Amino acid sequence: MKIVVDRDKCIGSGQCVMTDPAVFDQDEDDGLVILLQPEPPADHQAAARDAAMICPSQAITIQE
């Protein structure tokens with residue numbers, strides 16, 4: 001699995017960070033997503049899929 005984020009689409013809702021703070025973070029300056037683990041380990045992949053699904057701006061893409 002590979003995660004791709006589009007910071008231009010991100011609106012800083014923080015849903016991804018609440019879903020898996022080991023994979024996603026928010027920039028303290030602009031509140032936009034920071035991807036901590038572009039290729040998360042197996043035990044974080046389900047949460048990464050959930051984060052992509054609930055992202056209100058569809059800024060997170062999962063590539064299998």
Side-chain angles (χ1 to χ4, degrees):
M1 163 190 279
K2 183 175 180 182
I3 303 170
V4 177
V5 297
D6 185 342
R7 288 177 51 90
D8 290 333
K9 286 184 176 181
C10 181
I11 60 172
S13 72
Q15 297 298 309
C16 57
V17 179
M18 288 188 278
T19 303
D20 194 341
V23 175
F24 302 98
D25 197 1
Q26 280 184 284
D27 189 300
E28 290 185 23
D29 293 328
D30 59 16
L32 301 180
V33 63
I34 296 172
L35 184 57
L36 301 174
Q37 296 189 63
E39 296 181 19
D43 59 336
H44 288 272
Q45 292 183 3
R49 286 185 190 92
D50 289 346
M53 191 168 41
I54 64 172
C55 176
S57 62
Q58 302 297 300
I60 301 169
T61 303
I62 303 294
Q63 299 174 345
E64 301 285 347

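Not measured: the values here are computed from a predicted model.
- Closest non-hydrogen pair, Ser13 versus Met18, comes out as O-CE, 4.4 Å.
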Give the C-alpha distance, both sets of side-chain angles, the deciding distance and a yes or no for side-chain contact (heavy atoms from CB on, under 4.5 Å) between Arg49 and Glu64. CA-CA 10 Å; Arg49 286 185 190 92; Glu64 301 285 347; 3.1 Å; yes
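- Within 6.0 Å of CD in Glu28 there are 12 or fewer heavy atoms belonging to other residues, nucleotides or ligands.
- To the nearest 0.5 Å, the span separating CD on Gln45 from CD on Glu39 amounts to 9.5 Å.
- Remark: side-chain polar atoms of Gln63 are not paired, donor with acceptor, to backbone N or O of Val4 under 3.5 angstrom.
- Going from atom SG of Cys16 over to atom CG of Leu35 covers 9.0 Å, rounded to the nearest 0.5 Å.
- One distance of note links CZ of Arg7 with CG of Asp30; it measures 4.5 Å at 0.5 Å rounding.
- The heavy-atom pair separating Gln37 from Ala22 by the smallest distance is NE2-O, 2.7 Å.
- Of all heavy-atom pairs spanning Val23 and Pro40, the tightest one is CG2-CB, 4.1 Å.
- Taking CD1 from Ile3 and CG from Asp20, the interatomic distance works out to 8.0 Å, rounded to the nearest 0.5 Å.
- The two residues Gly12 and Leu32 have their closest heavy-atom pair at N-CD2, 4.0 Å.
- When the side chains of ILVMFWY residues are joined at heavy-atom separations under 4.5 Å, either directly or via intervening members, Ile62 and Val17 end up in a single hydrophobic cluster.
- Here the closest heavy-atom approach between residue Ile11 and residue Pro56 is recorded as CD1-CG, 3.9 Å.
- Linking Ile, Leu, Val, Met, Phe, Trp and Tyr whenever their side-chain heavy atoms come within less than 4.5 Å puts Met1 and Val33 in one cluster.
- Judged purely by atom type and a 3.5 angstrom limit, Ser57 uses its side chain to pair as donor or acceptor with the backbone of Lys9.
- Shortest non-hydrogen contact noted between Val5 and Phe24 is CG1-CE2, 4.3 Å.
- Gln15 contributes atom CD, which lies 9.5 Å from atom CD1 of Ile60 (distance to the nearest 0.5 angstrom).
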